[in-house]
Amino acid sequence: MELLQPAILVIFGMTGDLAKRKLLPSLYQLADSHMLPESFKIVGISRRDTKVDDIIDLIKSSLSKADLKKPSHEETIKWLRESLTIVHMDMTQPDDYSVLKQKLDAIEDSVGVCLNRLFYLAIPSTLFRGVIRRLGSEDLNHGCQHGVAESRVLIEKPFGYDLVSAEELIHTLAESFDIEQIYRIDHYLAKDTAQNILTFRFENPLLTSTWDNKHISHIIISATESIDIEGRATFYDQIGALRDLVQSHLLQILALVTMEKPIDSTAERIHESKVNLLNQVLPPKADRMAVDAIRGQYENYQSEVSNPKSQTETYAAIKLYIDNDRWEGVPIYIRTGKSLKEKVTEVTMVFYDTDPPDCENRLTIRIQPNEGIALSLRIKKPGFEDKIENINLDFYYKSLSETTHHEAYERVLVDAIRGDKTLFATSHEVLASWRIIEPILQAWGQDQSPLYKYKAGSWGPKAGTQMPGKDGESW
Ligand code: BG6
């Protein structure tokens with residue numbers, strides 16, 4: 001990997017959920033594998049009396065969590081402790097931004113070089129616009145004090161609450177930051193398995209020649225989660241499953257799976273191709289909402305969020321079409337939900353033949369867990385009788401012993417530090433995605449489809465599990 005330029009990462013929301021679960025462990029991993037720039041500083045913004053040691057404790061405890069059972073190396077912890085500064089400020093107070101600026105200048109003076117400034121907004125989206133404006137008015141949108149390094153702003157999803165608020169956010173950003181300075185995070189794009197989709201599709205002639213409506217009967221994109229909302233009541237009850245996962249992660253995956261081959265592999269062309277596709281996606285028609293946009297809520301949810309009237313969906317299953325020659329007539333089923341039976345994120349392309357009608361091959365791209373790709377095929381069963389058997393060709397990433405696996409947020413951070421925007425969403429993509437889900441949000445807001453209750457640990461409401469056809473298994 002190329003040498004990364006000196007940088008300072010300023011995290012708004014340093015003690016928040018995202019920082020604890022994803023950012024801090026990722027920073028640790030990157031530091032541990034010496035993948036951060038030599039001159040690298042971290043500034044945590046906190047209103048409370050947080051100390052560097054509190055953050056170090058957070059890092060250690062996040063590493064000991066089940067899925068990250070990594071011991072913390074004392075040397076790495078020491079390096080992180082030395083790199084960390086806490087700035088106590090109230091991010092809603094304009095005057096406090098001069099304190100931040102002075103601190104950043106002072107850190108640069110002590111390091112002796114200008115640092116690219118990366119402002120990571122790991123905060124509720126309702127606070128984005130205020131923070132962005134204040135960064136602008138305090139001149140923090142112009143890189144270091146000597147004007148030689150860059151300033152970048154990294155924004156977490158959801159980017160807006162709906163189409164109008166996303167447009168407003170784009171407008172607010174444009175008042176202070178140029179397009180090149182803005183990084184809209186969608187960590188699904190940074191997963192190795194998602195990145196592989198374009199390579200896999202376009203580097204295998206077997207697939208390029210069959211990737212269309214003449215060979216594929218339907219496409220399934222499913223991202224089920226076994227976790228519930230994990231205490232994020234305020235956030236989740238305002239957002240719901242459609243905004244939380246579909247508007248961002250799953251429509252991005254859909255774009256990767258169905259977009260045309262970009263003219264070249266530059267970020268610009270990839271984004272162009274993705275946005276073209278997203279603009280062709282058709283949401284369910286108004287009179288089909290009750291069957292093509294199913295929503296559900298797990299049974300204990302209302303008491304969990306202390307809102308007995310909450311109509312927020314924790315489950316969504318929708319059916320979309322794409323209005324172009326390649327995909328005309330191919331239904332696309334997208335499903336997500338909390339408190340479901342298992343955590344599985346996969347894309348399945350169902351290849352078909354009309355004769356016999358039930359004969360199909362399935363290509364499954366396992367985004368997570370058990371990252372890999374499976375292809376179900378039919379063979380003649382060995383033996384004297386002429387019988388057919390279904391078999392699976394199965395590839396697991398873990399069988400590639402030479403490669404190191406990096407968490408998606410490690411990639412997000414490295415790409416932001418090195419200024420590579422390929423794996424970040426553009427404003428056009430974000431708007432196109434809001435345009436797709438907006439009619440569904442409106443229909444649900446007007447109670448045009450029932451909010452089905454489902455049991456935690458199940459596969460969700462029956463209306464949803466039956467959506468792609470024969471039975472629940474077909475997801
Ligand atoms: C986040 C959502 O963007 O993605 C969470 O806000 C969700 O609700 C998470 O749990 C899932 O991410 P991953 O990488 O664990 O599949």
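Ligands are counted one by one from 1 in listed order, and the atoms in each one are counted from 1 as well. From a predicted model like this one, the values you see are computed outputs, not experimental measurements.
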* Asked: Mind checking what makes ring-ring contact (aromatic ring centres under 6.0 Å, His included) contact with Y321, not counting sequence neighbours?
  -> none

* Does the pair D186/K157 count as a salt bridge with the N-to-O cut at 4.0 Å? -> no

Is there any protein N/O under 3.5 Å from an N/O of ligand 1, and what does the full list of such pairs look like?
from: ligand 1; atom 1: 3 (O); to: K157; atom 2: NZ; distance (Å): 2.8
from: ligand 1; atom 1: 3 (O); to: H249; atom 2: NE2; distance (Å): 2.7
from: ligand 1; atom 1: 6 (O); to: K157; atom 2: NZ; distance (Å): 3.1
from: ligand 1; atom 1: 6 (O); to: R232; atom 2: NH2; distance (Å): 3.0
from: ligand 1; atom 1: 6 (O); to: D244; atom 2: OD1; distance (Å): 2.6
from: ligand 1; atom 1: 6 (O); to: D244; atom 2: OD2; distance (Å): 3.4
from: ligand 1; atom 1: 8 (O); to: R232; atom 2: NH1; distance (Å): 3.0
from: ligand 1; atom 1: 8 (O); to: D244; atom 2: OD2; distance (Å): 2.6
from: ligand 1; atom 1: 8 (O); to: K338; atom 2: NZ; distance (Å): 2.7
from: ligand 1; atom 1: 10 (O); to: E225; atom 2: OE1; distance (Å): 3.3
from: ligand 1; atom 1: 10 (O); to: E225; atom 2: OE2; distance (Å): 2.6
from: ligand 1; atom 1: 10 (O); to: K338; atom 2: NZ; distance (Å): 3.0
from: ligand 1; atom 1: 12 (O); to: H187; atom 2: NE2; distance (Å): 3.2
from: ligand 1; atom 1: 14 (O); to: H187; atom 2: NE2; distance (Å): 2.8
from: ligand 1; atom 1: 14 (O); to: K191; atom 2: NZ; distance (Å): 2.6
from: ligand 1; atom 1: 15 (O); to: K343; atom 2: NZ; distance (Å): 3.2
from: ligand 1; atom 1: 16 (O); to: Y188; atom 2: OH; distance (Å): 2.5
from: ligand 1; atom 1: 16 (O); to: K343; atom 2: NZ; distance (Å): 2.7
from: ligand 1; atom 1: 16 (O); to: Q368; atom 2: NE2; distance (Å): 2.6

* To do: Could you verify whether a donor N or O on one side chain and an acceptor N or O on the other, from E260 and S273, lie under 3.5 Å apart?
  => no

* Asked: Is any NZ, NE, NH1 or NH2 atom of the basic residue among K22 and D17 found under 4.0 Å from an Asp or Glu carboxylate oxygen of the other?
  -> no

* Asked: Any cation-pi pair here, R366 with F395, using under 6.0 Å and within 45°?
  -> no

* Lys/Arg-Asp/Glu bridge criterion (N-O < 4.0 Å) met for R21, E230 -> yes

